[in-house]
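Structure first, then comments.
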Amino acid sequence: MKVLLVDDDKLVCSSLKIILSADKEIEIIGTCNDGKEAVTLYRRLHPDILLMDIRMDPMSGLEAGERILMDYPDAKILYLTTFLDDDYIIKALHLGAKGYLLKQNYESILPSIKAVSMGQNVFGNEIITKLPNLMGKAGRLKTLAHYGINEREFEIITKIADGLSNKEISETLFLSEGTIRNNISTILEKLSLRDRTQIAIFYYKNIA
């Protein structure tokens, strides 16, 4: 199978190439060091598996994955990172990545590549234990995105659901009461609600 390696650490790329090339089933057809290069190389080389880091500049692995999957929905992307970050995992799942592994579990990389090539999804044990909570969080984020609710507005919705007054919310978030009132007006408009009580009900029905 043809594998494209992407990592901003050139030493990691070189090491992975040596390790994976030792297996007769794997051919490393290219390596690069950022997401932008990954998109270009993927379009040119059409690898069977894209093994890619997440945190890279100027384009992250998640951004690159999104672009690639828009053009190639069947692309098999396996993320390899040092970060056990909920938002990264959710984004990778949402994009349609076939796997998410931690670099420290290097012994699982080769079997994971083979599993993905056979159509399986692969996630390290650390990720699997987080998946139930992450799926719930992913659902909440999808709901908020649907209504155009940003992070600050979500914080205010949460505080309203907790029963805080405008003054208490302003003190908690270090914002003026006027700013809180303006945000609440925007929230009511976005959610097509009438008052704070309905905001609290919306939270417990759709987000909590």
Side-chain angles (χ1 to χ4, degrees), residues 1-135 137-138 141-142 145:
M1 80 194 73
K2 299 182 294 183
V3 176
L4 174 62
L5 299 177
V6 185
D7 197 294
D8 62 350
D9 187 327
K10 293 182 180 180
L11 180 59
V12 170
C13 260
S14 298
S15 300
L16 285 172
K17 183 175 182 179
I18 293 170
I19 293 169
L20 297 177
S21 295
D23 190 291
K24 295 180 180 179
E25 295 180 27
I26 293 179
E27 177 189 1
I28 305 301
I29 59 172
T31 65
C32 61
N33 306 114
D34 71 69
K36 190 173 182 180
E37 289 181 277
V39 174
T40 300
L41 278 183
Y42 191 94
R43 289 171 176 165
R44 179 156 61 87
L45 301 175
H46 301 288
D48 298 311
I49 306 287
L50 173 57
L51 183 63
M52 182 160 57
D53 192 11
I54 287 182
R55 279 198 187 178
M56 298 182 289
D57 291 319
M59 181 186 290
S60 74
L62 292 171
E63 292 172 305
E66 185 172 22
R67 293 195 184 189
I68 290 168
L69 285 163
M70 283 178 64
D71 295 333
Y72 305 94
D74 295 328
K76 294 178 178 178
I77 299 175
L78 177 58
Y79 284 111
L80 181 64
T81 180
T82 57
F83 300 101
L84 190 60
D85 185 288
D86 287 0
D87 290 337
Y88 287 168
I89 299 169
I90 289 172
K91 181 69 172 177
L93 289 169
H94 179 69
L95 288 176
K98 300 302 181 183
Y100 191 109
L101 302 174
L102 296 181
K103 287 180 180 177
Q104 46 267 46
N105 298 332
Y106 63 90
E107 72 283 350
S108 68
I109 298 173
L110 180 57
S112 294
I113 288 175
K114 293 184 176 182
V116 168
S117 73
M118 296 173 64
Q120 300 177 34
N121 290 345
V122 179
F123 296 92
N125 291 333
E126 301 90 346
I127 288 87
I128 289 173
T129 59
K130 294 165 72 73
L131 284 180
N133 288 333
L134 290 179
M135 295 308 291
K137 184 176 180 181
L141 292 174
K142 186 175 181 180

Is any side-chain heavy atom of [Y] closer than 4.5 Å to one of [X]?
{"X": "Leu16", "Y": "Thr31", "value": "no"}
{"X": "Ile109", "Y": "Leu51", "value": "yes"}
{"X": "Leu41", "Y": "Arg44", "value": "yes"}

What pair of heavy atoms forms the shortest contact from [X] to [Y], and how long is it?
{"X": "Ala38", "Y": "Met52", "answer": "CB-SD, 3.9 Å"}
{"X": "Asp34", "Y": "Asp57", "answer": "CB-O, 3.2 Å"}
{"X": "Val39", "Y": "Met59", "answer": "CG2-SD, 4.2 Å"}

Mark yes or no for whether [X], through its side chain, and [Y], through its backbone, hold a donor-acceptor pair below 3.5 Å.
{"X": "Lys10", "Y": "Asn33", "answer": "no"}
{"X": "Asp53", "Y": "Val6", "answer": "no"}
{"X": "Tyr79", "Y": "Gly61", "answer": "yes"}

What is the ring orientation for Tyr72 with His46, classed by angle as parallel under 30°, tilted 30 to 60°, or perpendicular over 60°?
perpendicular
Under the criterion side chain to side chain contact (heavy atoms under 4.5 Å, CB included), which of Ile28, Leu45, Ile49, Asp48 is the partner of Lys2?
Asp48
Please indicate whether Lys103 has more than 12 foreign heavy atoms, meaning atoms of other residues, nucleotides or ligands, lying under 6.0 Å from its NZ.
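Yes, enclosed.
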So NZ of Lys76 and CE of Met118: to nearest 0.5 Å the spacing works out to 9.5 Å
Give, for atom CG of Leu110 and atom CD of Glu25, the distance between the pair rounded to the nearest 0.5 Å.
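Reported value, rounded in 0.5 Å steps: 8.0 Å.
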